[in-house]
Amino acid sequence: MDSLALGADLEPEPVVDEHSTVTLHVNGEPTTLSVDHRTTVLETLRESFGLTGAKKGCDHGQCGACTVLVDGRRVNSCLLLAVAQDGATITTVEGLADGESLHPVQRAFVERDALQCGFCTPGQICSAVGMLREAADGHPSHATGPETAAGPVALDADEIRERMSGNLCRCGAYPRIVEAIEDVIE
């Protein structure tokens with residue numbers, strides 16, 4: 001039998017390190033860790049940090065259950081590779097509160113009973129916090145009227161619904177979610 005057919009003369013493939021060291025500033029705490037290049041921010045938050053607020057719903061960025069804030073912007077953490085976020089500031093629902101004092105959006109969700117099963121709630125809350133900042137910074141949405149000049153965008157129920165449309169709630173708590181967000185902007 002031919003020795004090439006058995007692979008005797010082939011050189012071994014080089015070993016490629018599939019991990020990198022990154023520093024993530026999660027909920028105000030810088031942490032340096034080694035992450036597999038294929039690991040998402042969501043997986044890193046849940047498995048390395050034990051932060052289970054962000055949920056894996058669809059794993060395709062369509063439901064918003066995994067929404068967190070990265071450098072102040074809302075993102076679907078299931079779509080971001082952790083290795084690409086070296087140095088980023090990540091805020092999860094667990095990091096929104098100030099000690100025992102809930103963030104105003106968290107408090108409004110509780111007061112309005114803007115949840116049922118609670119699976120989507122952490123993503124809804126993080127999305128609402130990011131959305132409020134986007135509107136305050138003047139970022140338009142599809143619902144923003146053309147007459148809107150540069151500057152903060154007024155948030156009515158239609159504008160809130162449009163801006164929150166990337167976060168799905170299977171229980172249908174949408175009216176209460178909109179009301180809770182309206183309570184924060186009043």
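All values derive from a computational prediction rather than experimental measurement.
Counted by atom type alone, T23 and T32 present one or more donor-acceptor pairs between their side chains at under 3.5 Å. Side-chain contact annotation: N27 with T91, donor-acceptor N/O pair under 3.5 Å absent.
Within the 4.5 Å cutoff, no side-chain heavy atoms of C66 are placed close to those of K55. Counting heavy atoms from C-beta outward, H60 and C78 have side chains that stay 4.5 Å or more apart. The closest side-chain heavy-atom distance from T39 to T44 is below 4.5 Å. Using a 4.5 Å heavy-atom cutoff, the side chains of L42 and K56 are in contact. Side-chain atoms of R163 and T144, non-hydrogen and from C-beta on, do get closer than 4.5 Å to each other. For the pair V153 and H139, the minimum side-chain heavy-atom distance is 4.5 Å or more. For the pair R74/R133, no side-chain contact is recorded, criterion being any heavy-atom separation below 4.5 Å from C-beta on. A 4.5 Å side-chain heavy-atom check between L96 and V129 finds at least one atom pair inside the cut-off.
In this structure, CZ on R73 lies 13.0 Å from CE on M131, to the nearest 0.5 angstrom. Here the straight-line distance linking atom CG of L45 with atom CG of L24 works out to 8.0 Å at 0.5 Å rounding. Note that CG of L33 is 11.0 Å distant from OG of S20, once rounded to the nearest 0.5 Å. One distance of note links CZ of R46 with OG1 of T52; it measures 5.5 Å at 0.5 Å rounding. T121 contributes atom OG1, which lies 11.0 Å from atom CD of Q106 (distance to the nearest 0.5 angstrom). Once rounded to the nearest 0.5 Å, the distance linking SG of C126 with CG of N167 reads 9.5 Å.
By the criterion of side-chain heavy atoms lying less than 4.5 angstrom apart, applied directly or through intervening Ile, Leu, Val, Met, Phe, Trp or Tyr residues, L69 is not grouped with L51; the two fall into different hydrophobic clusters. Linking ILVMFWY residues whenever their side-chain heavy atoms come closer than 4.5 Å, directly or via other members, leaves L79 and V70 in distinct clusters. Hydrophobic clustering (side-chain heavy atoms under 4.5 Å, transitive across Ile, Leu, Val, Met, Phe, Trp, Tyr) groups I181 together with I125. Taking hydrophobic clusters as Ile, Leu, Val, Met, Phe, Trp and Tyr residues chained together by side-chain heavy-atom distances below 4.5 Å, V184 shares a cluster with L155. Hydrophobic clustering of Ile, Leu, Val, Met, Phe, Trp and Tyr side chains at less than 4.5 Å, counting indirect connections, keeps F49 apart from V93.
Taking all atoms of both residues into account, the shortest heavy-atom contact from H25 to G87 is CD2-O, 3.4 Å. For the pair G53 and E94, the tightest heavy-atom approach, listed with the atom from each and the gap, is N-OE2, 2.7 Å. Across all non-hydrogen atoms, the minimal contact from F119 to A65 is CE2-CB, 3.9 Å. Pairing each heavy atom of S141 with each of E162, the nearest pair is OG-CG, 3.7 Å. What you find for C169 and Y174 is that their closest heavy atoms are N-OH, 2.8 Å.
Look at D36 and R38 and you find a salt bridge, because one of the NZ, NE, NH1 or NH2 atoms lies within 4.0 Å of a carboxylate O, short of that distance.
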Does the side-chain contact (heavy atoms from CB on, under 4.5 Å) test come out yes or no for V105 and H103, once each step is laid out? CA-CA 5 Å; V105 174; H103 185 280; 3.6 Å; yes

For side-chain contact (heavy atoms from CB on, under 4.5 Å), just list the numbers for Q85 and L80, CA-CA rounded to whole Å, side-chain angles, deciding distance to a tenth of an Å, and then say yes or no. CA-CA 8 Å; Q85 303 308 311; L80 294 180; 4.0 Å; yes

Apply side-chain contact (heavy atoms from CB on, under 4.5 Å) to H19 and V35, showing your working. CA-CA 5 Å; H19 289 79; V35 295; 5.8 Å; no

Check step by step if side-chain contact (heavy atoms from CB on, under 4.5 Å) holds for I160 and I185. CA-CA 11 Å; I160 292 169; I185 59 176; 4.1 Å; yes

Given the rule in the side-chain hydrogen bond (donor to acceptor under 3.5 Å, both in side chains) test, do T67 and S127 qualify, once you have shown the distances and angles that lead to the verdict? CA-CA 6 Å; T67 303; S127 188; 5.1 Å; no

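With hydrogens and angles disregarded, a donor-acceptor distance shorter than 3.5 Å links the side chain of D156 to the backbone of E159. In this structure, the side chain of N76 engages the main chain of G61 through a donor-acceptor pair within 3.5 Å.
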Please output the side-chain donor-acceptor pairs of residues 107-116 that fall under 3.5 Å, not counting sequence neighbours, one pair per line with the distance.
| unit_1 | atom_1 | unit_2 | atom_2 | d |
| --- | --- | --- | --- | --- |
| R107 | NH1 | L102 | O | 2.9 |
| R112 | NE | D183 | OD2 | 2.7 |
| R112 | NH1 | E179 | OE1 | 3.3 |
| R112 | NH2 | D183 | OD1 | 3.0 |
| Q116 | NE2 | C171 | O | 3.4 |

